[in-house]
Structures are given as C-alpha cells and as structure tokens.
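A short worksheet on the structure shown next.
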Amino acid sequence: MSEEKKSLNFLEHIIEEDLANGLPKNDLRFRFPPEPNGYLHIGHTKAIGISFGLGEKYNAPVNLRFDDTNPAKEEQEYVDAIKRDVSWLGYTWANELYSSDYFQQLYDWAVLLIKEGKAYVDSQSSEAMAEQKGTPTVPGVDGPYRNRSIEENLDLFQRMKNGEFNEGAHVLRAKIDMAHTNMLMRDPIMYRILKKHHHRTGDTWCIYPMYDWTHGESDYIEQISHSLCSLEFKPHRELYNWFKESVYPYSQEELPLLPKQREFARLNLSYTVMSKRKLLKLVQEGIVKGWDDPRMPTISGLRRRGYTPAAIRDFIERVGVAKRDNVIDVSLLEFCIREDLNKTAPRVMAVLDPIKLVIENYPSDQVEWLEAENNQEDESAGFRKVPFSKELYIEKDDFKEEANSKYFRLTLGKEVRLKNAYIIKGESVVKDANGNITEIRCSYDPESLSGSGTEASLRKVKGTLHWVSIKHAVKAEVREYDRLFMHEAPDTDEEKDFMEFLNPDSLKVIEAFVEPSLTEAQTGDRFQFQRLGYFNVDDDSTADSLVFNKTVGLRDNWAKQTKPAEPKPQTQQKPQQNKRPAIEVIKQLGKKYTNYPADKQEKVKEEIKMLAKEVSYEDLQPLFGTAAKKVGTRIATAIALGVLLEQGLEKHDDILEFIEKAQEDTNDILVAETANL
RNA sequence: UGGCCUAUGGUGUAACUGGCAACACGUCUGAUUUUGGUUCAGAAGAGUCUAGGUUCGAGCCCUAGUAGGCCAACCA
C-alpha cells in the first residue's frame with residue numbers, strides 16, 4: 001500500500017543521504033537565523049518554510065536564533081516583530097536564542113586560535129586593508145602586521161576587549177591566505193571594536209564578532225545538523241568550514257557534531273522587491289505607509305492585506321526549492337489566497353462604483369428582509385438577512401443601454417437576476433444634461449423571488465447582479481491595491497534604479513456601499529464581496545467608519561475578454577536572449593525547425609535569414625559538422641549559408657561537402673534548402 | 001584576464017543509482033452554476049542552452065563553448 005511518494009527537493013535528498021550514511025535521526029536539528037534589523041518578508045517565508053518544514057517533516061527541533069552581532073543596526077522592535085510573524089505563520093521554535101549569548105564562548109575560542117597562530121591583530125586602516133585584499137581577479141598581499149608574535153596578539157586582543165582602543169584602531173583577523181581565490185579566505189575579520197550599546201548585552205562588550213565567525217560557531221554550539229541559507233552564502237561555506245574545523249579540536253567532547261551548510265536559491269516575486277534595504281527605502285521615503293502597508297511583500301503587510309498563514313504556507317510549498325535564480329509570478333500567490341478564502345470567507349454584497357436603480361413597480365415604502373446564503377462552499381456557514389427595497393445601488397459596470405449577446409448583465413429590455421432577490425427587466429434610463437446616466441429604471445417580477453420555488457423563480461436568466469438597498473446601505477472606505485512596481489523584476493535593470501519603476505497608482509481609495517450586516521465586522525475579518533473579490537477589515541477601521549482592504553480580486557474571465565489589450569509586460573524577455581549572438585539564436589531556431597507547421601517554418605526561415613546577416617563564415621563553419629540526425633540544425637545552417645553565399649561568400653571545400661551530404665539526406669526540407677546553393 | 005554556482009514548456013518545480021519528459025500556476029475550449037466565482041471535462045505549449053563525445057540508449061556522465069547569478073562592507 002505505498003502512498004505515492006512525493007518527490008524530494010535537493011535538500012531533502014541530502015538529508016536522506018546523511019541519514020542513510022549513519023547520521024542518527026535524533027541529531028537532526030535546524031535553525032532560522034534572522035538579523036533583527038528589519039521586518040520579515042515573503043522571501044524569508046521561504047527560508048522559514050524550509051527549515052521549519054524540515055523540522056516538522058523529521059520531527060526535529062528548530063531554533064529561532066537572532067543573529068545579533070551588529071549593535072549599530074539591531075533593535076528589540078525587530079525581534080518582537082519577527083517573533084510575531086513566525087508565530088503567526090504557525091511555526092513553533094524549539095528555543096529562542098541569540099548569537100549574543102555566545103559572545104564569551106566565541107571570545108574564548110578566538111584566544112585559542114591566536115595561541116595557535118591562526119588569528120592575529122591587524123592595526124591598519126580599513127582602506128589599507130582593502131587595498132591589500134586584492135580583487136576577484138588579483139590576489140591579495142600580506143599586510144605588515146600579519147606576523148606579529150603570539151604574545152603581542154594576545155595582549156592587543158585582550159586590550160581591545162578591555163576598551164583601551166578607539167573604534168577602527170585594531171581588528172582581529174583569521175590568518176588564512178591572502179592570495180586565496182576565494183576572497184573570503186583572505187584573512188577575514190573576526191572582531192571589530194564597536195563602542196555601542198547592544199540591545200541584549202548592554203555595554204558588556206566593546207568588541208563584536210563578525211558574521212562568518214559568529215554564525216558558523218553558533219550553529220556548532222547549538223549542534224545544528226543542517227544549516228540552510230540562501231545562495232549568496234555559497235562562497236562563505238569554505239570559511240564556515242575552516243572556522244568550524246579550527247574550533248572542533250577544542251570542544252569535540254561536548255560538541256561532537258559538525259554542522260553542514262547548504263544553500264538554496266532565494267525567492268523573488270514578480271513586480272516587487274525583496275531586500276530589507278529596498279523595502280526600508282520605500283518606508284522611509286513615504287512611498288508606502290509603513291512596514292505593514294498592504295502593498296508591501298512583508299509578512300505584516302500580507303497579513304494586513306488579508307492573506308492567511310495557510311495560503312502563504314501553501315504558496316511556499318508550491319514554489320519548491322532549488323538552486324537556480326527564479327522569479328515567481330504573483331499569480332501563484334493570488335491563486336493560493338483565493339483557494340483558501342473561497343472555502344472560508346463569508347459572502348456579502350457591496351457596491352464599489354454605484355449607480356442608482358429604481359424598481360418602478362415595487363411599492364415605495366416596502367422593505368423585505370431576504371434570505372441570503374453565507375457561503376455555498378460551506379454548509380455550516382448558514383444564512384443571513386439582507387434588506388431589499390425600491391431603490392438600490394448596482395455596479396455601473398453592470399449596466400449598458402445596449403449590448404451584444406455576450407453581455408450577460410443588465411440592458412434595456414433584458415432580464416437579469418438580482419442576487420438573492422428578484423428577476424428584473426431594464427426599462428429606461430434617466431440622464432443628466434451631459435448625457436450621463438444618473439438612474440436606471442426597471443421592473444421586477446414579483447413571482448420570481450429567489451428560493452421561493454415558483455415557476456417564475458426557476459426561470460433561467462443569463463446574468464446575476466449584486467446590489468445593496470440605498471436606504472440601508474452603509475458607507476465604507478475600500479482600499480484597492482495594485483502592484484507596487486510596473487516592472488516584473490524592478491531591481492534587475494542595469495541602468496535604471498528600481499525606484500524608477502514605481503507604480504504611481506498602487507493605491508486607490510474608493511467610497512463604497514456595503515450591506516448593513518457588515519457593521520458587525522471586526523478588524524481582520526475576511527469576506528468575499530460577491531462578484532468582486534476578497535476583502536478584509538483594515539486595522540484603521542472603526543465602528544462608525546468601516547475600512548476594507550481588497551486582498552485579491554476574483555478570477556474574472558469577462559474582464560479578460562473585454563480588455564485583452566493589456567500588453568504582456570515586455571519584461572519576460574530573458575536578458576540573455578537579447579545579448580545572445582545571432583549564431584546562437586539560429587542554432588536554437590533550427591533545433592525546433594522540423595516541428596513547426598509550414599507557415600511557422602516560413603516565419604522562422606525569414607528570421608534566420610535576418611539573423612544570418614550578422615553571422616560570419618567563422619561562426620557558421622563549425623556547424624557543417626553537425627550530426628546527421630540533428631536535421632533542424634542542418635536546415636538552419638543551410639538557410640544561413642544561403643544568405644552568406646548571396647552576399648558573395650566563396651564556396652570552400654567544406655561548404656561543398658556540407659551541401660553534398662545534405663543532398664543525400666532523407667529529409668525533404670534539408671534537400672530543398674540545399675538544392676540551389 | 002580569476003574563483004564558485006546555475007541552465008528542463010510563459011513561470012516554478014519533478015524525473016530513484018542513464019530507459020523515448022511529469023506536476024502545479026498561467027493560457028485556451030466545453031459543461032454545470034442565482035457570483036462571467038467555485039466545480040467538472042478537455043486542449044495547446046518543452047525533444048531538456050549549443051556543439052562534440054561515451055553508451056544499445058543521455059535531461060542525467062565526459063569535453064569545449066554560450067548565457068545568467070554570486071564574490072573586493074570593521075553588514076548579515
């Protein structure tokens with residue numbers, strides 16, 4: 001009875017392999033190590049989901065460890081926000097820990113490293129050190145303090161710790177190799193003097209350890225088995241290993257397990273940015289109202305926007321884990337939240353862009369409280385009452401004086417159903433002096449009440465409209481959001497700053513009318529405004545002035561048909577394809593050539609001819625040797641060759657040979673293309 | 001002119017130690033529907049960056065290219 005096995009991602013493969021090679025399952029331990037210098041965003045959720053997800057999968061502890069080694073940037077406010085966000089997502093950490101808890105241990109180990117000659121105090125300016133460090137292509141050179149005596153190093157380091165020196169006077173460096181191809185191995189700094197107050201250790205320390213030294217050893221101290229981080233830390237792995245192996249002999253009795261760092265590609269989401277620095281800029285420049293602005297990709301922003309933890313976790317699951325750079329389409333995130341909310345959100349009626357509808361044959365003073373189902377996807381959701389009367393608001397978009405048969409909504413002379421109420425027929429319109437419609441007049445069929453079971457009520461009409469009784473309508477502010485940036489990957493453009501792609505219309509504030517039941521709604525409550533989308537009650541909402549956020553719209557096939565004009569944003573052009581040499585493109589086009597239908601082949605052929613004009617004989621020549629079975633490539637070569645010959649290329653022997661072989665081929669196209677060369 | 005990493009439909013991820021490329025989103029049909037939603041049925045779309053090699057057989061292995069990413073903070 002094997003449940004179909006879910007395929008593993010590469011991290012799970014690594015763990016399975018370690019387990020198979022004898023790592024006890026009980027030794028599995030993970031960690032999520034945020035620096036408390038900003039708010040968590042959806043990108044972090046991936047890292048959280050990976051490590052906490054693995055913890056859940058293998059029933060292993062996951063530590064929440066604050067990587068707080070830089071007192072200049074870190075604050076308690078961020079610690080609190082991070083804890084709140086991780087909890088909100090529904091994860092439970094085994095221990096709440098701080099790198100700063102290990103400062104003493106780190107210091108003790110550093111002293112031992114100095115004694116072994118593996119670390120030294122450097123007393124140069126940062127500029128001088130940077131110069132000696134070299135560049136990726138130029139090896140570094142040793143600095144003048146590199147070979148200080150162990151005694152001097154010990155003395156200096158001790159005095160650094162005691163606060164005898166000013167910031168910048170000295171640093172402690174690991175002594176590795178200034179000419180190493182990995183720049184991180186060129187005697188990396190382990191400690192710097194920082195006379196700053198730390199949010200946890202106060203003024204106890206005036207030297208603070210750097211990331212590489214701290215992070216790996218914190219993993220080691222916590223006996224983390226798999227330390228998972230994003231790809232940009234790949235080069236750090238070598239140093240991570242150097243440090244941990246250097247320290248291992250000191251503590252192998254108490255700390256037998258050496259952690260293993262592995263790296264995955266971080267998440268990018270289309271039409272937004274995903275770096276704390278850039279998000280902070282949006283906050284500081286007032287582009288958004290704060291870290292929790294519903295347009296922000298922060299966890300707190302998504303939460304305020306109405307996203308659910310379940311939807312976000314589902315999203316992370318679907319996104320997968322691998323090692324290549326990626327840009328996830330927001331439509332996947334939207335799919336996840338719709339899927340969750342569709343099952344759980346109560347339906348209500350709200351009109352965002354109202355126009356008055358008068359039912360001429362409905363008694364002026366009559367009010368009916370009609371039965372409305374709260375959620376047809378959830379039987380337990382029950383029913384509520386909505387008031388109906390002679391004068392209603394409907395959506396402006398839901399009426400046209402005349403329209404073709406594809407338009408299912410209200411027109412003059414046609415019937416539609418009012419959701420939960422009656423079938424109506426458009427009769428006439430009232431216009432102002434400028435010809436704008438100010439009022440729609442209709443008649444209703446008193447026999448057609450929803451759910452009454454009468455023959456009239458069962459009549460099929462093509463459209464159903466939502467509405468709200470004017471007399472009973474409640475005013476509410478609705479905030480509609482659009483993407484923050486116009487560019488799919490705003491921070492990848494080489495010339496333009498990401499701020500240049502800001503969408504000026506990312507927020508639209510609307511005065512809407514909602515059904516009266518919504519006066520009961522509490523902050524955070526989520527609803528489906530029928531036919532419109534999902535909305536939640538914003539933090540700014542009060543009892544007498546409701547504020548809603550639009551979480552996400554419903555899928556809308558009608559809108560797609562109406563304006564297919566929206567040009568597919570050009571941004572999907574792969575930058576690589578733009579810069580690719582013509583010959584490369586020709587090869588690619590050729591490869592698929594034989595699969596294309598005839599008309600497409602014509603097009604591709606023209607394209608190849610265009611490209612061939614940029615190709616030299618030297619480019620093309622190697623393709624003459626293309627394997628016989630790769631017919632497409634040979635066809636493309638033939639087409640391109642034709643262009644070159646036309647331009648006066650001489651027929652070398654290898655060209656003749658190529659043509660000769662092609663003529664003998666069984667593929668008609670190839671034969672035809674080479675026939676008149 | 002250096003080192004490291006990556007390359008599979010529009011997007012993202014699969015394909016157990018080589019066996020004629022799967023799933024999801026998106027797109028497009030059709031059915032159902034008192035939400036142009038949901039649900040259901042179906043379709044299109046990749047010969048796996050290129051070339052060569054090993055093999056009976058390569059997305060997986062080897063070689064050489066090409067393209068993209070990361071690396072020069074007393075940040076993490």
Side-chain angles (χ1 to χ4, degrees), chain A residues 5-9 13 33-35 37 67 69-70 72-73 126 129-130 133-140 167-168 170-171 180-184 186 189 191-194 208 210-212 214-215 231-238 263 265 270 276 318-329 331-332 334-336 338-339 342-343 347 373 376-377 406 408-409 417-421 423 450-451 457 460-466 528 530-533 554-561 568 572 574-577 579-581 583-584 587-588 591-592 595 622-623 625-627 630 632-633:
Chain A
K5 204 163 91 190
K6 217 185 144 246
S7 59
L8 307 177
N9 65 47
H13 278 297
E35 182 189 11
N37 70 339
D67 227 332
T69 59
N70 188 353
K73 297 205 286 187
S126 57
M129 285 171 51
K133 196 163 186 179
T135 70
T137 50
V138 178
E167 290 188 8
H170 306 279
V171 292
H180 203 287
T181 51
N182 182 348
M183 293 200 66
L184 287 157
R186 322 240 258 229
I189 294 174
Y191 279 94
R192 75 288 213 191
I193 299 170
L194 244 32
Y208 289 92
M210 300 287 289
Y211 165 81
D212 287 294
T214 312
H215 187 86
L231 233 40
E232 63 267 32
F233 291 98
K234 175 70 220 285
H236 293 250
R237 186 151 112 196
E238 201 169 11
E263 310 82 12
S270 60
K276 278 192 256 186
R318 287 168 185 272
V319 151
V321 187
K323 290 213 275 192
R324 49 179 165 170
D325 293 330
N326 58 78
V327 181
I328 312 291
D329 202 303
S331 67
L332 182 62
E334 294 179 346
F335 166 82
C336 292
R338 282 193 196 109
E339 188 176 59
N342 176 51
K343 289 178 300 199
R347 319 275 125 141
E373 190 172 11
Q376 43 277 84
E377 306 295 321
K406 288 222 171 183
F408 301 168
R409 307 175 184 186
R417 153 130 0 237
L418 291 176
K419 180 82 187 167
N420 305 313
I423 293 176
S450 281
S457 75
K460 297 281 179 206
V461 289
K462 200 70 177 140
T464 300
L465 309 187
H466 61 276
Q528 184 194 95
Q530 277 189 311
R531 303 211 302 135
L532 297 174
L554 254 27
R555 273 186 65 196
D556 190 349
N557 287 316
W558 172 243
K560 267 189 258 175
Q561 287 174 36
K568 254 284 184 190
Q572 359 198 327
K574 302 192 170 170
Q576 59 195 89
Q577 281 185 346
K579 290 180 194 160
R580 288 183 77 186
I583 189 67
E584 293 297 325
K587 283 194 234 171
Q588 187 164 28
K591 188 170 175 180
K592 302 177 187 166
N595 305 323
L623 295 187
T626 301
K630 305 199 175 182
T633 305

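So you know, we letter chains A, B, ... as the sequences are listed, proteins then strands, and number each from 1.
Using a 4.0 Å heavy-atom criterion, one finds that A:Gln528 contacts the bases of the nucleic acid, with or without backbone contacts as well. In this structure, A:Ser270 reaches neither bases nor backbone, as no heavy-atom distance under 4.0 Å exists between it and the strands shown. Using a 4.0 Å heavy-atom cutoff across all strands shown, A:Ile328 reaches sugar-phosphate atoms only and no base atom. Residue-level contact check: A:Gln376 touches the bases, meaning some heavy atom is under 4.0 Å from a base atom. Among the protein residues, A:Val321 comes within range of the sugar-phosphate backbone only, with heavy atoms under 4.0 Å from sugar or phosphate atoms but none that close to a base. At a threshold of 4.0 angstrom between heavy atoms, the contacts of A:Thr135 include nucleobase atoms, whether or not backbone atoms are also involved. A:Arg186 comes within 4.0 angstrom of no nucleic acid atom, judged by non-hydrogen atoms across all strands. Residue A:Val171 is in base contact, counting any heavy-atom pair closer than 4.0 Å across all strands shown. If you check every strand for non-hydrogen atoms under 4.0 Å, A:Asp325 touches sugar and phosphate atoms only. Nucleic acid contact class of A:Gly451 (heavy atoms, under 4.0 Å, all strands): base. The residue A:Val327 sits close only to the backbone: its heavy atoms come under 4.0 Å of sugar-phosphate atoms, none of a base. If you check every strand for non-hydrogen atoms under 4.0 Å, A:Tyr208 touches nothing. At the heavy-atom level, A:Ala322 lies under 4.0 Å from the strands shown only through sugar-phosphate atoms. In this structure, A:Glu377 reaches the bases: a heavy-atom distance under 4.0 Å links it to at least one base atom across the strands shown.
Between the C1' atom of B:C23 and the CG atom of A:Asn9 lies a distance of 15 Å, rounded to the nearest Å. When rounded to the nearest whole Å, the span between CG of A:Asn182 and P of B:G3 equals 13 Å. As rounded to whole Å, 14 Å separates atom P of B:C25 from atom CD of A:Glu334. When the C1' atom of B:U35 is taken as reference, atom NZ of A:Lys462 falls 14 Å away, rounded to whole Å. What separates CZ of A:Phe408 from P of B:G37 is a distance of 9 Å, to the nearest Å. For A:Glu339 and B:G26, the CD to C1' distance is 15 Å, given to the nearest whole Å. Rounded to an integer number of Å, the gap from A:Met129 CE to B:C75 P is 11 Å. In this structure, the CG atom of A:Leu332 is 13 Å from the P atom of B:A24, given to the nearest Å.
A donor-acceptor pair under 3.5 Å is formed between the side chain of A:Arg417 and the backbone N or O of A:Ser457. Formation of a donor-acceptor pair under 3.5 Å by the A:Asn182 side chain with backbone atoms of A:Glu238 is not found in this model. At distances below 3.5 Å, at least one donor-acceptor pair connects side-chain atoms of A:Arg186 with backbone N or O atoms of A:Lys133. Without hydrogens or angle criteria, A:Asp329 side chain to A:Leu332 main chain gives no donor-acceptor distance under 3.5 Å.
In this model, the phosphate group of B:A76 is not approached by any side-chain N or O of A:Lys73 to a distance below 4.0 Å at OP1 or OP2. Side-chain nitrogen and oxygen atoms of A:Arg531 include at least one within less than 4.0 Å of the OP1 or OP2 phosphate oxygen of B:G36. Using a 4.0 Å cut-off, some side-chain N or O of A:Asn557 falls inside it from OP1 or OP2 of B:G37. Residue A:Ser7 has no polar side-chain atom (N or O) positioned under 4.0 Å from OP1 or OP2 of B:C16. Neither OP1 nor OP2 of B:G37 sits under 4.0 Å from any side-chain N or O of A:Arg338. Taking 4.0 angstrom as the limit, A:Lys234 places none of its side-chain polar atoms (N or O) nearer than this to OP1 or OP2 of B:G69. The phosphate of B:A15 has OP1 or OP2 within less than 4.0 Å of a side-chain N or O from A:His13. Between A:Lys276 and the phosphate of B:C75, there is no side-chain N or O to OP1/OP2 separation shorter than 4.0 Å. Contact between the side-chain N/O atoms of A:Lys323 and the OP1/OP2 oxygens of B:U6 is found at a separation under 4.0 Å. Within the structure, every side-chain polar atom (N or O) of A:Arg237 is placed at least 4.0 Å from both OP1 and OP2 of B:C4.
The closest side-chain donor-acceptor pair between A:Asn557 and A:Lys560 falls under 3.5 angstrom. Using a 3.5 Å distance cut-off with no hydrogens or angles, the side chains of A:Arg531 and A:His466 do pair a donor with an acceptor.
Ion pairing between A:Arg237 and A:Glu263 holds under the 4.0 Å rule for side-chain N and carboxylate O.
Nucleotides B:U17 and B:G10 have their P atoms positioned 27 Å apart, rounded to a whole Å. Across B:G47 and B:A72, the matching C1' atoms stand 43 Å from one another, rounded to whole Å. With both ends at atom C1', the span from B:U38 to B:U32 equals 11 Å, rounded to whole Å. Nucleotides B:A58 and B:U63, compared at atom C1', are 15 Å apart to the nearest Å. If you take atom P in B:A14 and the same atom in B:G57, they sit 29 Å apart, rounded to whole Å. Here the separation of B:A24 from B:G69, taken at their C1' atoms, is 26 Å to the nearest Å. For the P atoms, the distance linking B:U54 with B:C62 amounts to 15 Å, nearest Å. If you take atom P in B:G42 and the same atom in B:C49, they sit 31 Å apart, rounded to whole Å.
Within the 4.5 Å cutoff, no side-chain heavy atoms of A:Leu465 are placed close to those of A:Lys419. Under the 4.5 Å side-chain criterion, counting only non-hydrogen atoms from C-beta, A:Ile189 is in contact with A:Met129.
When distances run from any side-chain atom of A:Lys419 to the nucleotides B:U35, B:U13, B:G2, the shortest one goes to B:U35. Listed nucleotides: B:G36, B:C75, B:A72. Nearest to the side chain of A:Glu35: B:C75. Distances from the side chain of A:Met210 to the nucleotides B:U35, B:A72, B:C75 place B:C75 closest. Comparing B:C25, B:G37, B:A72 by their nearest atom to the side chain of A:Arg555 picks out B:G37. Residue A:Arg347 has its side chain nearest to B:G37 when only B:C71, B:G37, B:G12 are considered. Residue A:Arg318 has its side chain nearest to B:A24 when only B:A72, B:A24, B:C74 are considered. Ranking B:C70, B:C28, B:G37 by closeness to the A:Lys560 side chain, first place goes to B:C28. Of the candidates B:U35, B:G36, B:U11, the closest approach to any side-chain atom of A:Leu554 belongs to B:U35. Looking at the side chain of A:Thr181, the nearest of the listed nucleotides B:C74, B:G2, B:C25 is B:G2.
When both distances must be under 3.5 Å, the Watson-Crick or G-U wobble mate of B:U11 is B:A24. Nucleotide B:A67 is matched to B:U6 when pairs are restricted to Watson-Crick or G-U wobble geometry with both distances under 3.5 angstrom.
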**Asked** Between A:Met210 and A:Thr69, does a side chain to side chain contact (heavy atoms under 4.5 Å, CB included) hold up when you go through it step by step?
**Response** CA-CA 7 Å; A:Met210 300 287 289; A:Thr69 59; over 6 Å; no
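Residue ring and base: A:Trp558 counts as stacked with B:G36 (centre distance below 5.5 Å, interplanar angle below 30°).
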